Student: 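Input: one structure, supplied below.
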Amino acid sequence: MTGAFSGNPDSLLDKVINKIREIQEFDLREVFGVIREDGRSLEVSKDTILDLKYHNKEIHMLFNLWYGFNYEPSLNDNKPEVDHIFPQSELRKIKIPNPETGKMNLMKYKWQERDQIGNLMLLTSAENGAGNKTNILPEEWFADKIG
């Protein structure tokens, strides 16, 4: 979730393995120390979670932990999908005045706000597919859902 092993993790993994060999045991504090010394972090904070957006690959990891979904269904077409709670199409319609012209032609909700984790949920392919969740506002979508 924090990206500690993203990019080029080989050198970090080598350092962790060398530390384990050096102390001849798997000591989590020592392993975390190696990771921190490498300028990386494993700490998940409020900001780590709130900074996740629709297109981040980590969003699936968080939702998998949160929802407990089976990410390996028999068919690829049944994989869980991230969707917007408040549809993007509806949020794009909300305009604010342009300070230069006074016209109501600026989007109030930019992609960063529309795509933040607070506006995302995980759905099955069937729920998110054609004719299902598309462009439905939350008050209608959640009306018949069991808590």
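Nothing here was measured: the structure is a model prediction, and the numbers come from that model. One is the number of the first residue; the rest follow in order along the sequence.
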Student: How close do Leu123 and Glu127 get, counting heavy atoms only, and between which atoms?
Tutor: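 For Leu123 and Glu127, the tightest heavy-atom pair comes out as CA-OE1, 3.4 Å.
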Student: Where do Asn119 and Leu91 land on the side-chain contact (heavy atoms from CB on, under 4.5 Å) test, with the steps shown first?
Tutor: CA-CA 11 Å; Asn119 190 37; Leu91 292 175; 3.7 Å; yes
Student: How many angstroms lie between CD1 in Ile85 and NZ in Lys133, if you round to the nearest 0.5 Å?
Tutor: 8.0 Å
Student: Quick one: are Leu137 and Pro87 in side-chain contact, heavy atoms under 4.5 Å?
Tutor: yes
Student: Side-chain heavy atoms under 4.5 angstrom apart, residues restricted to Ile, Leu, Val, Met, Phe, Trp, Tyr: same cluster for Ile96 and Ile94?
Tutor: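 No, separate clusters.
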Student: Between Gln116 and Leu50, is there a side-chain heavy-atom distance shorter than 4.5 Å?
Tutor: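 Answer no - side chains too far apart.
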Student: Does the side chain of Phe63 reach to within under 4.5 Å of the side chain of Glu81, using non-hydrogen atoms?
Tutor: no
Student: Between side-chain atoms of residues 106-115 and protein atoms elsewhere (two or more places apart, or another chain), which donor-acceptor pairs fall under 3.5 Å?
Tutor:
from   : atom 1 : to     : atom 2 : distance (Å)
Lys110 : NZ     : Met107 : O      : 2.8
Glu113 : OE1    : Lys110 : N      : 3.0
Arg114 : NH1    : Tyr109 : O      : 2.8
Asp115 : OD1    : His84  : NE2    : 2.7

Student: Is it the case that one hydrophobic cluster holds both Phe5 and Ile17, taking links as side-chain heavy atoms less than 4.5 Å apart, direct or via other members?
Tutor: no
Student: For residues 11-33, pull every pair meeting salt bridge (charged side-chain N to carboxylate O under 4.0 Å, His left out), keeping only residues two or more places apart or in separate chains.
Tutor: Lys15-Asp38, Lys19-Glu22, Lys19-Glu30
Student: Give, for atom CD of Glu58 and atom CG of Asp51, the distance between the pair rounded to the nearest 0.5 Å.
Tutor: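 Nearest 0.5 Å value for the CD-CG distance: 11.0 Å.
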Student: Heavy atoms, side chains only, cut-off 4.5 Å: are Pro138 and Phe86 in contact?
Tutor: yes
Student: What verdict does the side-chain hydrogen bond (donor to acceptor under 3.5 Å, both in side chains) test give for Ser41 and Glu43, after you've listed the backbone C-alpha separation in whole Å, the side-chain angles of each residue and the deciding distance to 0.1 Å?
Tutor: CA-CA 6 Å; Ser41 173; Glu43 276 67 49; 3.0 Å; yes
Student: Consider only side-chain heavy atoms of I, L, V, M, F, W and Y, link residues closer than 4.5 Å, and tell whether Val31 and Leu42 are in one cluster.
Tutor: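 Yes, it is one cluster - the side chains of Val31 and Leu42 are joined through contacts under 4.5 Å.
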Student: Any heavy-atom pair between the side chains of Glu37 and Phe32 that's under 4.5 Å?
Tutor: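 No; the side chains remain at least 4.5 Å from each other.
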Student: Do Trp66 and Leu122 come within less than 4.5 Å of each other through their side chains, counting heavy atoms only?
Tutor: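 Of all side-chain heavy-atom pairs linking Leu122 with Trp66, none is under 4.5 Å.
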Student: Rounded to the nearest 0.5 Å, what separation is found between the NZ atom of Lys103 and the CG atom of Asn98?
Tutor: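 If we round to the nearest 0.5 Å, Lys103:NZ and Asn98:CG are 9.0 Å apart.
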Student: Report whether Ile35 and Val44 are members of the same hydrophobic cluster (ILVMFWY, side-chain heavy atoms less than 4.5 Å apart, transitive linking).
Tutor: no
Student: From Leu62 CG over to Ile117 CD1, what is the distance, rounded to the nearest 0.5 angstrom?
Tutor: 4.5 Å
Student: Tell me if a side-chain donor or acceptor on Lys95 pairs with a main-chain N or O of Arg92 at a distance below 3.5 Å.
Tutor: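 Checked: pair present.
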Student: Evaluate the side-chain proximity of Asn56 to Tyr54: yes if any heavy-atom separation is below 4.5 Å, no if none is.
Tutor: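 No, side chains not in contact.
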Student: Taking Lys145 for the side chain and Trp141 for the main chain, is one N or O donor matched with an acceptor at less than 3.5 Å?
Tutor: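 Indeed, once roles are kept as given, a pair shorter than 3.5 Å links the two residues.
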Student: If you count every heavy atom of other residues, nucleotides or ligands that lies below 6.0 Å from Glu139 atom CD, does the total exceed 12?
Tutor: yes
Student: Closest approach of His60 and Pro80, non-hydrogen atoms and distance?
Tutor: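 Taking His60 first and Pro80 second, the nearest heavy atoms are CE1-O, 4.1 Å.
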